[in-house]
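Here's the structure, in structure tokens; my notes come after.
Computation of the quantities below employed the complete heavy-atom set of this structure, encompassing side-chain atoms and omitting hydrogens, waters and symmetry-equivalent molecules. Computed from a predicted model, the values in this text were never measured in an experiment.
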Amino acid sequence: MGESQRFQMGTVGALSLSVVSSVSIVICNKALISSLGFSFATTLTSWHLLVTFCSLHVALWMKLFEHKPFDPRAVMGFGILNGCSIGLLNLSLGFNSVGFYQMTKLAIIPFTVLLETIFFRKNFSRSIKFSLALLLFGVGIATVTDLQLNMLGSILSLLAIFTTCIAQIMTNTIQKRFKVSSTQLLYQSCPYQAITLFVIGPFLDGLLTKQNVFAFKYTPQVLVFIVLSCLISVSVNFSTFLVIGKTSPVTYQVLGHLKTCLVLAFGYVLLHDPFCWRNILGIFVAVVGMVLYSYYCSIESQQKANEGTVQLSQAKESEVAPLLGVENGTSLATDGLVPKAPSWSSNKDLNA
């Protein structure tokens, strides 16, 4: 099996793990919050990250992966930023209507595209932009119901969008710049994320729910669902870093909207949630957008692979016949024939 085929299989596996684990934890948390009344989302997320770190520490002890330390300031800043983005998203949901919160999540994709275009000079073709627009339109139809605006909620939403985009772009660029795997990055950043959310979690949850997380009555059933949620979160956190590292922040957001559509469908089929023609139409349009996005990405990925093969063959030809360059009056230096991309450059969307 070639390197390209192994990479594609790894990418498909990462995407599948992300979808299955995310849908599972949403269903588990929905039962925990709606049925059992445990609505302390930020504190629960800090427990998720703590369990994830402990699980990775055991895996490291069993030598399932190698610890690779790198710039501690980058790890600390990345971990704290990730924790803050989660807290801001929860605040955005608390101070805005559900419809406006869904618009906030939809805005992450175009904002990420804008940031990568401006700061990373990454080019998105018209076909990719069209498929993303179609996807966002479909998800908007399916999920956005009301748009009640307020100043504080709007500011929190903008901060949530900005921090989430930066954190996800950093997930991709750090793995490439320091040549660390998703597991190594997650292991080193988890403690900072967990501490950040553990400190701000009880305060945010108390502000949003008017309850004290430490005064909650933890029945055996609640504890079982909390433990189950924490165990599933290990796969969720790992697959998040894995998907962003293998693809890109934009592809991860596209995958996130696929999860939203699946959660809506599962909610209707299994939990008999209310459903209408808008949900059906929106999911259909969103799925069409996702299919087109994957199709255009695969085509452009193949084109780039072919271009790379042509450049490599040209480099080999010039190495075999160096006198040809002398006769034409060109340089003999072959190192410059295939310019190396900077370490932060990411075109992995095209492998989705």
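Side-chain atoms of N172 never come within 3.5 Å of backbone atoms of P249 as a donor-acceptor pair (strictly under, hydrogens ignored). Remark: side-chain polar atoms of T164 are not paired, donor with acceptor, to backbone N or O of I161 under 3.5 angstrom. Using modelled atom types, no side-chain atom of S22 and backbone atom of V19 make a donor-acceptor pair closer than 3.5 Å. Distance alone, capped at 3.5 Å, is enough to place a donor-acceptor pair between the S85 side chain and the N82 backbone. Distance alone, capped at 3.5 Å, places no donor-acceptor pair between the S35 side chain and the L32 backbone. R278 contributes no side-chain N or O that, together with a main-chain N or O of A142, makes up a donor-acceptor pair within less than 3.5 Å. Between the side chain of K68 and the main chain of K179, a donor-acceptor pair closer than 3.5 Å is present. Checking side-chain atoms of D205 against main-chain N and O of T43 turns up a donor-acceptor pair under 3.5 Å.
For T171 and Y252, the side-chain atoms include no donor-acceptor pair closer than 3.5 Å.
Taking S125 as the reference, E300 meet the side chain to side chain donor-acceptor pair (under 3.5 Å) condition, with sequence neighbours excluded. The ring pair (Phe, Tyr, Trp, His ring centres under 6.0 Å) test applied to Y295 returns no partner, not counting sequence neighbours.
Here L186 contributes atom CG and S181 contributes atom OG; the two are 9.5 Å apart, rounded to the nearest 0.5 Å. Atom CG of residue L60 and atom OG of residue S55 lie 12.5 Å apart, to the nearest 0.5 angstrom. Distance OG1/T183 to CD/Q188: 11.5 Å, rounded to 0.5 Å. Atom OG in S46 sits 9.5 Å away from atom CD1 in I200 (nearest 0.5 Å). To the nearest 0.5 Å, atoms CZ (F40) and OG1 (T45) are separated by 13.0 Å. Between the CG atom of L136 and the CD1 atom of I109 there is a distance of 4.5 Å, given to the nearest 0.5 Å.
Within the 4.5 Å cutoff, side-chain heavy atoms of H48 are placed close to those of I25. Counting heavy atoms from C-beta on, the side chains of F70 and L185 come closer than 4.5 Å. Residues L207 and F95 form a side-chain contact, since some pair of their non-hydrogen atoms from C-beta on lies under 4.5 Å apart. Two residues are said to be in side-chain contact when any heavy atoms from C-beta on lie closer than 4.5 Å; L56 and L64 fail this criterion. Side-chain contact between T173 and R177: absent, with no pair of heavy atoms (C-beta onward) separated by less than 4.5 Å. Put simply, the side chain of L204 does not reach to within 4.5 Å of the side chain of N90, judged on heavy atoms. With contacts defined as side-chain heavy-atom distances shorter than 4.5 Å, the pair L242/S18 does not qualify. Residues F225 and N29 have side chains not in contact (no heavy-atom distance under 4.5 Å, counting atoms from C-beta outward).
Hydrophobic cluster membership differs between L231 and M62, with clusters built from Ile, Leu, Val, Met, Phe, Trp and Tyr side chains linked at under 4.5 angstrom. No continuous path of hydrophobic side-chain contacts links V58 to V51 [ILVMFWY only; heavy atoms under 4.5 Å]. Follow the hydrophobic side-chain contacts under 4.5 Å out from L36 and you never reach I232; the two are in separate clusters. Follow the hydrophobic side-chain contacts under 4.5 Å out from V234 and you never reach V26; the two are in separate clusters. Taking hydrophobic clusters as Ile, Leu, Val, Met, Phe, Trp and Tyr residues chained together by side-chain heavy-atom distances below 4.5 Å, V236 does not share a cluster with V20.
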Problem set entry | Residue pair F198, L50: steps toward the side-chain contact (heavy atoms from CB on, under 4.5 Å) verdict | CA-CA 9 Å; F198 190 78; L50 180 61; over 6 Å; no
Exercise. Under the side chain to side chain donor-acceptor pair (under 3.5 Å) criterion, do S157 and S92 qualify, and how do the steps go?
Worked result: CA-CA 5 Å; S157 292; S92 175; 2.9 Å; yes
For this session: For L89 and L93, run side-chain contact (heavy atoms from CB on, under 4.5 Å): C-alpha distance rounded to whole Å, both residues' side-chain angles, the deciding distance at 0.1 Å, then the answer.
Result: CA-CA 6 Å; L89 281 171; L93 177 59; over 6 Å; no
For this session: Begin with the C-alpha distance, continue with both residues' side-chain angles, and end with the deciding distance and a verdict on side chain to side chain donor-acceptor pair (under 3.5 Å) for Q175 and Q184.
Result: CA-CA 9 Å; Q175 291 185 52; Q184 292 167 333; over 6 Å; no
For this session: Evaluate the criterion side-chain contact (heavy atoms from CB on, under 4.5 Å) for residue pair C230 and I226; output intermediate values, then yes/no.
Result: CA-CA 6 Å; C230 289; I226 288 176; 4.3 Å; yes
Problem set entry | From CA spacing to verdict: side-chain contact (heavy atoms from CB on, under 4.5 Å), L197, W47 | CA-CA 9 Å; L197 290 176; W47 298 344; over 6 Å; no
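More than 12 non-hydrogen atoms from other residues, nucleotides or ligands lie less than 6.0 angstrom from CD of Q211. Sparse packing is recorded around CZ of F162, with 12 or fewer heavy atoms of other residues, nucleotides or ligands lying under 6.0 Å away. Crowding of H57 atom NE2: a count of heavy atoms from other residues, nucleotides or ligands under 6.0 Å not exceeding 12. More than 12 heavy atoms of other residues, nucleotides or ligands sit less than 6.0 Å from atom CZ of F65.
Residues I80 and Y192 share a closest heavy-atom pair of N-CB, 4.3 Å. Nearest heavy-atom pair across G140 and L106 is CA-CD1, 3.7 Å. Summarising the geometry of V213 relative to Y218, their closest heavy-atom pair is O-OH, 2.6 Å, with the distance given to 0.1 Å. For S235 against S21, the heavy-atom pair with the smallest separation is CB-CB, 3.7 Å. I33 and F38 make their closest contact through CG1-O, 3.0 Å (heavy atoms, listed as atom of the first residue, atom of the second, distance). Residues C165 and L115 come closest through the heavy atom pair CB-CD1, 3.9 Å.
Taking the six-membered ring wherever Trp is involved, the centroid distance between the rings of F216 and F214 does not fall below 6.0 Å.
Classification of the F78-F241 ring pair by plane angle, with boundaries at 30° and 60°, yields perpendicular.
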